[in-house]
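Reading through the structure tokens given below for one structure.
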Amino acid sequence: MLEVMHVTKKYHKVLANDDINFVIPDGQIGILLGPNGAGKSTIIKCIMGFLKYQGQVRVDGLDNKSVEAKKIMGYVPEIPSLYPNLTVDEHLEFIARAYKLKDYQAYKDSLLERFDLADKRKKFGDELSKGMQQKLSICCGLLPQPKLVLFDEPMIGLDPHAIKELKLLFQELRDKGCVVVVSTHMIDSIEELWDTTYIMKQGRVAAVVEKNAQQGTKSLEDIFFEITEGTVPESGV
């Protein structure tokens with residue numbers, strides 16, 4: 001379970017996250033949906049413990065900054081951050097050693113096959129295209145088989161096959177009981193792959209849309225534009 005409680009983050013005078021609260025149970029996909037600058041990446045970095053903030057975040061009952069919590073968290077950033085002088089294989093070996101993984105080889109090979117990187121094992125990070133870098137970043141985030149996985153705009157730069165595989169992977173992670181958090185500004189990229197969507201606007205959660213409780217003829221897209229373009233008051237939906 002992911003618990004985000006009263007998280008507020010300021011960059012000098014800029015209020016990037018304003019009293020963010022939400023809970024995502026095990027086995028659910030939560031979507032952070034909002035326009036650019038809504039605070040999605042900031043709250044993900046707060047959850048990961050990369051930023052200082054006010055409030056509290058707990059992962060599986062653990063403080064998110066604890067070593068125990070870090071071991072069960074996975075992160076795929078919006079912009080891949082790879083080592084130019086490490087090969088694809090070496091990136092994954094680095095992750096395996098950092099997490100002290102055992103019996104990971106078969107899973108590593110399956111990830112490389114799944115994202116069409118098996119024949120790129122010996123290529124260095126700076127030799128990969130942007131899309132391949134994104135695929136490697138996804139593999140690195142998933143290799144420890146975390147219980148919580150945060151994806152920040154994960155589909156940007158991916159080819160159609162990789163997008164298809166990533167969507168299948170979201171479902172598989174959910175079925176395994178993981179908490180999956182996906183940040184995006186592209187509504188069509190998530191389609192029906194969500195349980196709860198948190199529509200963000202100006203650093204706040206402006207609306208919460210529960211898929212099972214969604215009523216009427218309004219689509220998620222309709223609700224999103226009503227909230228973000230200000231045609232209806234902000235509230236839970």
Side-chain angles (χ1 to χ4, degrees), residues 1-4 22-32 40-51 57-83 86 88-115 117 125 132-158 162-163 165-184 189-190 193-196:
M1 177 182 290
L2 170 64
E3 301 169 274
V4 177
F22 58 81
V23 175
I24 304 178
D26 294 342
Q28 286 205 8
I29 299 175
I31 304 296
L32 302 177
K40 304 185 301 297
S41 292
T42 298
I43 190 60
I44 281 184
K45 290 175 182 176
C46 288
I47 292 169
M48 286 300 302
F50 296 156
L51 301 174
V57 177
R58 297 183 70 81
V59 180
D60 210 22
L62 304 166
D63 183 272
N64 67 318
K65 295 180 181 179
S66 68
V67 174
E68 292 79 8
K70 297 289 187 186
K71 290 179 180 179
I72 59 174
M73 298 167 68
Y75 172 56
V76 179
E78 179 180 3
I79 301 173
S81 181
L82 304 178
Y83 296 100
L86 289 185
V88 168
D89 241 348
E90 289 168 344
H91 274 89
L92 292 168
E93 289 299 322
F94 176 80
I95 295 296
R97 294 184 185 185
Y99 280 83
K100 299 180 181 179
L101 302 180
K102 297 180 180 179
D103 302 321
Y104 63 89
Q105 193 67 48
Y107 185 56
K108 183 188 86 167
D109 291 344
S110 71
L111 287 172
L112 291 175
E113 288 286 348
R114 186 166 197 170
F115 288 99
L117 291 172
M132 289 179 185
Q133 289 180 355
Q134 182 70 349
K135 292 177 186 180
L136 178 54
S137 183
I138 291 169
C139 292
C140 289
L142 293 174
L143 185 63
Q145 301 192 57
K147 294 183 69 175
L148 164 66
V149 197
L150 299 110
F151 297 88
D152 193 359
E153 300 285 0
M155 298 179 190
I156 293 177
L158 293 183
I163 290 174
E165 289 299 323
L166 186 58
K167 289 180 177 180
L168 288 172
L169 203 115
F170 290 161
Q171 293 175 306
E172 291 167 13
L173 290 169
R174 176 172 58 187
D175 292 344
K176 286 171 58 179
C178 298
V179 176
V180 180
V181 181
V182 183
S183 162
T184 185
S189 70
I190 54 173
L193 296 174
W194 57 281
D195 296 294
T196 305

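What you are looking at is a predicted structure, and each value in this text was computed from that prediction instead of being measured.
Under the 3.5 Å distance criterion, the side-chain polar atoms of Q133 are matched with a main-chain donor or acceptor of G125. Between the D152 side chain and the S183 main chain, no donor and acceptor come within less than 3.5 Å of each other. With hydrogens and angles ignored, the 3.5 Å screen pairs a side-chain donor or acceptor of N64 with a backbone N or O of C46. Between the side chain of Q134 and the main chain of P154, a donor-acceptor pair closer than 3.5 Å is present. A donor-acceptor pair under 3.5 Å is formed between the side chain of D26 and the backbone N or O of M1. With K147 contributing its side chain and A69 its backbone, the two residues share no donor-acceptor pair below 3.5 Å.
Scanning both residues, I47 and M73, for their nearest heavy atoms gives O-CE, 3.2 Å. Across every non-hydrogen atom of E78 and S41, the tightest pair is OE1-OG, 3.8 Å. Taking both residues in full, the closest heavy atoms of C178 and P146 are given as SG-O, 3.5 Å, listed atom of the first, atom of the second, then distance. The minimum heavy-atom distance linking K40 with L32 is given by the pair CD-O, 3.3 Å. The two residues A162 and K135 make their nearest non-hydrogen contact at CB-CE, 3.7 Å. Across C139 and L117, no two heavy atoms sit closer than the pair SG-CD1, 4.2 Å.
Note that CG of L111 is 8.0 Å distant from CD of Q145, once rounded to the nearest 0.5 Å. Of the inter-residue distances, the one linking E93 atom CD with L101 atom CG reads 9.5 Å to the nearest 0.5 angstrom. Rounded to the nearest 0.5 Å, atoms CG (L51) and CD1 (I44) are 11.5 Å apart. To the nearest 0.5 angstrom, D109 atom CG is 10.0 Å from Y104 atom OH. Taken to the nearest 0.5 Å, the CD1 atom of I31 stands 4.5 Å off from the CD1 atom of I190. Here the straight-line distance linking atom CZ of F151 with atom CD1 of I138 works out to 6.5 Å at 0.5 Å rounding.
Residues V180 and I24 have side chains not in contact (no heavy-atom distance under 4.5 Å, counting atoms from C-beta outward). Inter-residue side-chain proximity for M155 and T184 is flagged as unmet; no heavy-atom pair is nearer than 4.5 Å. Side-chain contact between L142 and L169: present, with at least one pair of heavy atoms (C-beta onward) separated by less than 4.5 Å. The side-chain heavy atoms of K45 and T42, taken from C-beta on, include no pair separated by under 4.5 Å. D60 is not listed as a side-chain neighbour of V179, based on a closest heavy-atom distance of 4.5 Å or more. Between L92 and L112 the shortest side-chain heavy-atom distance falls below 4.5 Å. Between K100 and K71 there is no side-chain heavy-atom pair separated by less than 4.5 Å.
Partners of F115 according to the ring pair (Phe, Tyr, Trp, His ring centres under 6.0 Å) rule, which considers only residues two or more places apart in sequence or in another chain, do not exist here. Contacts of Y107 classified as ring pair (Phe, Tyr, Trp, His ring centres under 6.0 Å), with partners at least two apart in sequence or in another chain: none. Not counting sequence neighbours, I79 has no partner by the side chain to side chain contact (heavy atoms under 4.5 Å, CB included) test.
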Practice task
Check the pair Q171 / L168 against side chain to side chain contact (heavy atoms under 4.5 Å, CB included), numbers first and verdict last.
Solution key: CA-CA 5 Å; Q171 293 175 306; L168 288 172; 3.7 Å; yes

